[in-house]
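Below is one structure, written out as structure tokens; comments come after it.
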2 protein chains.
Amino acid sequence: MNLRDLRYLLAVVEHEHFGRAAKACGVSQPTLSVQIRKLEDLIGVTLFERSSKTAAPTEACLRLIGHARAAVSAAEAIIATARNLRDPLSGRFRLGIIPTLAPYLLPLVFAPLRQALPQLDLEPWEDQTSALLERLRAHELDAVLLATDEDGPDLVSLPLFAEPFLAALPPDHPLAGRPEILETDLARDILVLADGHCLRDQTVEACGGDAALSGPLRAASLPTLLNMVAAGYGTTLIPGLAAGAAQDAGIVLRPLSTRAGRTVRIAWRAHYPRRAAVEAVGEVIAARLKGFAQGAAGGMV
Amino acid sequence: MNLRDLRYLLAVVEHEHFGRAAKACGVSQPTLSVQIRKLEDLIGVTLFERSSKTAAPTEACLRLIGHARAAVSAAEAIIATARNLRDPLSGRFRLGIIPTLAPYLLPLVFAPLRQALPQLDLEPWEDQTSALLERLRAHELDAVLLATDEDGPDLVSLPLFAEPFLAALPPDHPLAGRPEILETDLARDILVLADGHCLRDQTVEACGGDAALSGPLRAASLPTLLNMVAAGYGTTLIPGLAAGAAQDAGIVLRPLSTRAGRTVRIAWRAHYPRRAAVEAVGEVIAARLKGFAQGAAGGMV
DNA sequence: GCAGGTTCATAGGCATAGCCTATCACGGCC
DNA sequence: GGCCGTGATAGGCTATGCCTATGAACCTGC
């Protein structure tokens with residue numbers, strides 16, 4: 001059976017006349033006659049009582065056309081729905097973001113994204129890098145924002161902006177008077193995040209290995225870590241976008257003499273079909289953060 | 001768009017794998033790939049994210065498959081419904097019957113019809129010949145039972161049984177003593193039905209023209225006419241099947257010396273597709289009435 | 001009663017859509 | 001690097017759907 005046949009059927013039911021129905025369908029009358037006959041043979045039911053005057057739908061035909069109408073309109077609904085879905089810059093877009101980035105980046109980019117991509121229904125999802133990559137590979141996310149470097153050949157990514165690290169010190173810390181800090185000087189009393197946070201590993205690496213990181217404290221989140229630093233438990237490195245929050249907590253920030261930092265990327269599956277959406281989102285974020293790397297040293301965005 | 005394509009689409013959604021979906025559809029994998037690709041081109045939406053591992057439905061695809069399922073199941077409903085409608089001996093059957101026949105014939109044939117054609121949903125419709133033919137031609141009836149001879153080339157008919165006329169007399173009528181009656185002897189005080197009843201015209205004709213039919217009374221129905229005869233207003237001819245009712249009314253019945261009568265036929269449109277149903281109904285009625293012409297002279301069925 | 005205009009059905013020819021097999025291209029995995 | 005898996009592509013065949021032309025049945029009007 002064919003949707004075309006059902007359209008023919010409905011046309012003949014409507015016109016009760018093969019010739020006029022054929023004209024309405026844009027085909028010749030013989031075409032319609034043959035196709036209707038085939039349909040009758042297929043379903044084993046005579047659909048029309050033909051005479052030299054007219055083609056009257058049989059009782060059986062009238063019982064069937066409800067279903068025929070349903071099939072045809074469902075097909076039309078597919079076309080109509082597809083038309084709305086056609087724009088890759090519209091629809092749901094599930095974006096994974098790491099926890100050390102989300103609370104500081106989202107407030108900056110939410111409004112610009114809404115303005116630049118009004119049809120895109122952005123759904124942020126916050127989790128650590130490995131969990132995000134798992135969800136991305138499972139098609140549960142459309143793209144992720146990461147601060148790490150590699151994720152495998154099945155994914156591709158685009159760098160968005162560079163984010164410098166800053167030394168975060170309690171106000172009364174011995175190093176607080178210096179204009180810049182050397183990371184290795186922090187190692188003595190540095191505090192880090194819990195396992196799984198990429199920022200933890202980057203902090204450890206910047207400070208020259210994990211030898212000194214023996215403290216019992218592993219902050220579950222960056223805000224907690226900032227509070228601990230403010231309370232004088234130790235020092236840490238923070239990503240530049242968190243500078244505002246750190247200063248609000250009463251923490252002294254100093255640039256690193258090495259200018260160490262991390263690069264934030266947007267990553268997605270290599271086969272993901274809405275690449276245009278990913279790139280548009282990335283572009284808006286990159287534009288909003290343009291020049292951030294320079295300005296961030298002063299603690300501003 | 002084609003229902004086949006939608007079936008392919010649903011199969012790939014279900015299996016998330018072109019090869020297995022192809023096997024499920026009974027076609028080759030390239031066939032499926034090409035058709036899905038065409039569908040994507042047609043609706044302008046990427047339906048699957050292909051990789052070397054699997055074919056994952058896109059968000060847009062998942063929004064569309066509801067409609068696709070609706071279309072496919074509507075098509076299947078057509079097939080299923082058609083299967084039930086396929087038997088011409090099932091379904092509604094609207095049978096028109098003339099008023100001088102309906103009340104006497106229906107009680108005889110209703111049970112046999114129910115038994116012989118249990119799937120046939122018989123709907124009797126009582127009206128005079130011309131109205132019945134009009135409804136029949138308008139496809140509002142499937143067949144009609146008539147006692148006249150001709151109805152035009154667009155209709156065909158089949159004789160079912162012969163029904164003799166009987167002379168109906170008040171018990172105290174001068175002719176009541178005779179064993180048989182000559183129709184022309186009835187003409188003096190004969191009563192007839194209202195215009196439109198075929199029995200009226202047949203009575204007039206049997207009694208030798210309308211010369212004597214000057215009475216003001218034109219009974220609207222046969223039971224009324226019987227009551228008038230029983231009350232001594234005059235005589236009449238009745239169809240054999242009404243013998244029982246006439247005797248119950250206290251009327252004397254006598255055979256006609258000419259053995260005049262009428263033939264009851266079933267008629268239907270020449271193009272009517274359920275000829276088998278018409279013939280089956282006719283056959284049951286004819287079988288029930290077999291031998292009636294002989295027995296009817298004695299007032300029995 | 002027969003010509004002319006309906007109706008739908010049929011026949012023959014043509015284009016193409018759909019299918020198959022064979023093969024390619026890519027990626028993952030020993 | 002070879003091997004298996006995935007889906008995509010190419011070429012050839014067939015069936016199907018379409019057209020025009022024609023036929024058969026029927027009505028209508030002269």
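None of these values were measured; they are calculated from a predicted model.
Comparing B:E16 and A:D5, the nucleotide of DNA chain D nearest to each residue sits closer to the 5' end for B:E16. Residues B:P153 and B:G19 both approach DNA chain D. Their nearest nucleotides, taken by heavy-atom distance, put B:G19 toward the 5′ side. Residue whose closest nucleotide on DNA chain C sits further toward the 5' end, between A:H271 and B:R4: B:R4.
Residues from residues 26-46 of chain B that place a heavy atom under 4.0 Å from any atom of DNA chain C, listed by number: B:G26, B:V27, B:S28, B:P30, B:T31, B:Q35, B:K38.
A:E40 places no side-chain N or O within donor-acceptor distance of the main-chain N or O of A:Q35, the cut-off being under 3.5 Å. Side chain of B:R83 to main chain of B:I78: no donor-acceptor pair is present (N/O by atom type, distance under 3.5 Å, no hydrogens or angles). A donor-acceptor pair under 3.5 Å links the side-chain atoms of A:Q202 to the main chain of A:A147, judged by distance alone. For A:R269 (side chain) and A:L141 (main-chain N/O), a donor-acceptor pair under 3.5 Å exists by modelled atom type.
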Name every donor-acceptor pair, under 3.5 Å, that has one atom in a side chain of residues 70-77 of chain B and the other anywhere in the protein, sequence neighbours excluded.
unit_1	atom_1	unit_2	atom_2	d
B:S73	OG	B:R69	O	3.0
B:S73	OG	B:A70	O	3.2

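A straight line from CG of A:D154 to C1' of D:dT6 spans 15 Å, rounded to a whole angstrom. When the C1' atom of C:dC8 is taken as reference, atom NZ of A:K23 falls 16 Å away, rounded to whole Å. Rounded to an integer number of Å, the gap from A:H17 NE2 to D:dC26 P is 17 Å. Atom CG of A:L47 and atom C1' of C:dC8 are 15 Å apart (whole Å). We find that OH of B:Y8 is positioned 15 Å from P of C:dA17, with the value rounded to whole Å. For A:F18 and C:dA9, the CZ to C1' distance is 10 Å, given to the nearest whole Å. As a whole-Å value, the separation of B:R7 CZ from C:dC19 P is 12 Å. Atom CG of B:L155 and atom P of D:dC26 are 12 Å apart (whole Å).
Residue A:K53 has its side chain nearest to D:dC27 when only D:dC27, C:dC19, D:dA8 are considered.
Phosphate proximity of C:dA9 to A:R50: present, with a side-chain N or O under 4.0 Å from OP1 or OP2.
Sparse packing is recorded around CD of A:E134, with 12 or fewer heavy atoms of other residues, nucleotides or ligands lying under 6.0 Å away. Within a 6.0 Å radius of CD in B:E283, other residues, nucleotides and ligands contribute 12 heavy atoms or fewer.
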